[in-house]
2 protein chains.
Amino acid sequence: MRQAGDLSCAPSIDAQQALARAEALCQQRGARLTDLRRRVLEIIWSSATPLGAYTILDVLRDDGRQGAPPTVYRALDFLLAQGLIHRLASLNVFTGCRRPGSHHSGQFLICRDCGRVSELSNPAIDELLRAETDARGFEVLAQIVEILGRCPDCLEEPTRHD
Amino acid sequence: MRQAGDLSCAPSIDAQQALARAEALCQQRGARLTDLRRRVLEIIWSSATPLGAYTILDVLRDDGRQGAPPTVYRALDFLLAQGLIHRLASLNVFTGCRRPGSHHSGQFLICRDCGRVSELSNPAIDELLRAETDARGFEVLAQIVEILGRCPDCLEEPTRHD
DNA sequence: TGATGTTATGTTATAGAATAACATTTGTTA
DNA sequence: TAACAAATGTTATTCTATAACATAACATCA
């Protein structure tokens, strides 16, 4: 896949850094980042674009590992619970969290053309949503903000405008 | 299912009104609101909570109609294209649009306990998101804002707090 | 150390959501 | 009525996710 500029406003964190950070966080928390879970996190971080569960399963099998769908989904559930990855509901895919440690819902810009995802973190948006839910007496458990569109790089490439 | 207060800030629109409005809009546009499409819209509006495609299919079959998944999905695609319903990506369900006519993305509060959905329309949220995307040169094609939580009515019922 | 309980993973089967591909019917227009 | 376009019927398949139960790994303590 062609290269695209980094869509994230945060400094790019590569797989190595993400794994190290995950190790540290899990140790702090007494959560067990097992081989399988670490490998799934690594697979996710090694991809330029979010991955579906079955794609991750394929990679695990390429590793020579045994595995069925529950294998992957359980690892994903763990990583989600630890706030190490996000699930993009609009695409049924998973992407590494750029701000692990703070369990946040995140706000995402998803490019339809190159598939890359930018994770925003605009407190004003959170505050507005919070004001709306507070005013209604609605208790928030999870929050999904996903914007599908075309990133600046892909907008420059007319051939990709299908 | 137990009754819950209206979560929507807009006046409650019942199925009859929604159908009449859909008729008018489709006529204006030269879009064909066929028997099947009208019936699917009616099924959606007749439910207090959003419905999945296969639930709608079951109702169609109870009607004595023939049908397979594509039957439903094609009708849903039409209704989505006309802005008469919304799809909630986090639950894979469909709900009637309270503001048909203006093709908007909508913002939704979804109660985990009673399943009811409130459609917000806070321009400030849209503006903030727009500012973010504009600043990044990101072209928006679709926007998803869904908040999962517990509505005021369900918060009053401790037995439901599982 | 070994018994016990807990957590994680393996395994099989199935449920749930969505679409591909092609056939048939219905509606519209010439 | 012929011809075309739009809508629906039909069969099969793909993709996403979980249920249920078996086994293995790890931890704790007598």
Side-chain angles (χ1 to χ4, degrees), chain A residues 22-23 26-27 29-44 49-61 63-82 84-95 115 142 144 146 148, chain B residues 22-23 26-27 29-44 49-61 63-82 84-95 115 142 144 146 148:
Chain A
E23 288 283 5
C26 287
Q27 192 139 25
R29 295 169 181 164
R32 290 171 52 192
L33 188 63
T34 61
D35 274 358
L36 175 65
R37 291 163 174 175
R38 187 186 300 104
R39 179 62 182 133
V40 169
L41 184 58
E42 185 181 39
I43 290 167
I44 289 172
T49 57
L51 299 177
Y54 283 73
T55 305
I56 295 168
L57 181 56
D58 288 341
V59 178
L60 286 177
R61 282 172 170 160
D63 285 358
R65 234 180 245 267
Q66 297 156 303
T71 309
V72 177
Y73 280 103
R74 284 189 289 228
L76 292 171
D77 285 345
F78 172 85
L79 297 172
L80 284 168
Q82 295 300 323
L84 298 170
I85 62 173
H86 291 288
R87 179 172 185 273
L88 302 184
S90 59
L91 299 178
N92 299 319
V93 293
F94 301 84
T95 190
I144 296 170
E146 296 175 19
L148 182 71
Chain B
E23 287 284 4
C26 286
Q27 191 139 24
R29 295 169 182 164
R32 290 171 53 192
L33 187 63
T34 61
D35 273 357
L36 176 64
R37 291 163 175 175
R38 187 186 299 104
R39 179 63 183 133
V40 169
L41 183 59
E42 185 181 37
I43 291 168
I44 289 172
T49 57
L51 299 178
Y54 283 71
T55 304
I56 295 168
L57 181 56
D58 287 341
V59 178
L60 286 176
R61 283 173 171 160
D63 285 357
R65 232 179 245 268
Q66 297 157 304
T71 308
V72 176
Y73 280 102
R74 284 189 289 228
L76 291 171
D77 285 345
F78 171 86
L79 297 171
L80 284 168
Q82 295 299 322
L84 298 171
I85 61 173
H86 292 289
R87 178 173 186 273
L88 302 184
S90 59
L91 300 178
N92 299 319
V93 293
F94 301 85
T95 191
I144 295 170
E146 295 175 22
L148 183 70

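The analysis underlying the following values was restricted to heavy atoms, covering all of them including side chains, and did not include hydrogens, waters or symmetry mates.
- Taking each heavy atom of B:Pro50 and B:Gly115 in turn, the nearest pair found is CD-O, 3.3 Å.
- Interface residues of residues 70-78 of chain A facing DNA chain C, ordered by number: A:Pro70, A:Thr71, A:Arg74; criterion, heavy-atom separation under 4.0 Å.
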If you look only at distance, which donor and acceptor atoms sit under 3.5 Å apart when one is on a side chain in residues 63-73 of chain B and the other is two or more places apart or in another chain?
{"residue": "B:Asp63", "atom": "OD1", "partner": "B:Arg39", "partner atom": "NH2", "Å": "3.1"}
{"residue": "B:Asp63", "atom": "OD2", "partner": "B:Arg39", "partner atom": "NE", "Å": "2.6"}
{"residue": "B:Asp63", "atom": "OD2", "partner": "B:Arg39", "partner atom": "NH2", "Å": "3.3"}
{"residue": "B:Thr71", "atom": "OG1", "partner": "B:Ala68", "partner atom": "N", "Å": "3.1"}
{"residue": "B:Thr71", "atom": "OG1", "partner": "B:Ala68", "partner atom": "O", "Å": "3.1"}

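- Closest approach of A:Phe94 and A:Ile44 over heavy atoms only: O-CG2, 4.0 Å.
- Projected onto DNA chain D by closest heavy-atom contact, B:Gln66 and B:Arg37 fall at different nucleotides, the more 5' of which corresponds to B:Arg37.
- With sequence neighbours excluded, the residues satisfying side chain to side chain contact (heavy atoms under 4.5 Å, CB included) with A:Thr34 are A:Arg32, A:Leu36, A:Arg37.
- Rounded to a whole Å, the CZ atom of B:Arg87 is 13 Å from the C1' atom of C:dT19.
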Dot-bracket encoding of pairs in DNA chain C, which uses [ ] for pseudoknotted crossings and | for another strand, Watson-Crick or G-U under 3.5 angstrom: ||||||||||||||||||||||||||||||
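- Using a 4.0 Å heavy-atom criterion, one finds that A:Arg65 contacts no nucleic acid atom at all.
- The shortest distance between side-chain heavy atoms of B:Ile85 and B:Val40 does not fall below 4.5 Å.
- The interatomic distance linking B:Leu80 (CG) with C:dT19 (P) rounds to 10 Å, in whole Å.
- Residues passing the side-chain hydrogen bond (donor to acceptor under 3.5 Å, both in side chains) test with A:Arg29 are A:Gln82, sequence neighbours excluded.
- When DNA chain D is scanned in the 5' to 3' direction for atoms under 4.0 Å from non-hydrogen atoms of chain A, the outermost contacting nucleotides are D:dT16 to D:dC26.
- Residues forming a side-chain hydrogen bond (donor to acceptor under 3.5 Å, both in side chains) with A:Asn92 (at least two apart in sequence, or on another chain): A:Arg87.
- Residues passing the side-chain hydrogen bond (donor to acceptor under 3.5 Å, both in side chains) test with A:Arg38, sequence neighbours excluded: A:Glu23, A:Asp35.
- Under the side-chain hydrogen bond (donor to acceptor under 3.5 Å, both in side chains) criterion, B:Thr95 pairs with no residue, sequence neighbours left out.
- Going from atom CG of B:Leu51 over to atom P of C:dA18 covers 13 Å, rounded to whole Å.
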B/S/- contact track for nucleotides 24-30 of chain C, protein heavy atom under 4.0 Å: ---S---
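- Remark: C1' of C:dG16 and CG of B:Asp58 are 12 Å apart, rounded to the nearest angstrom.
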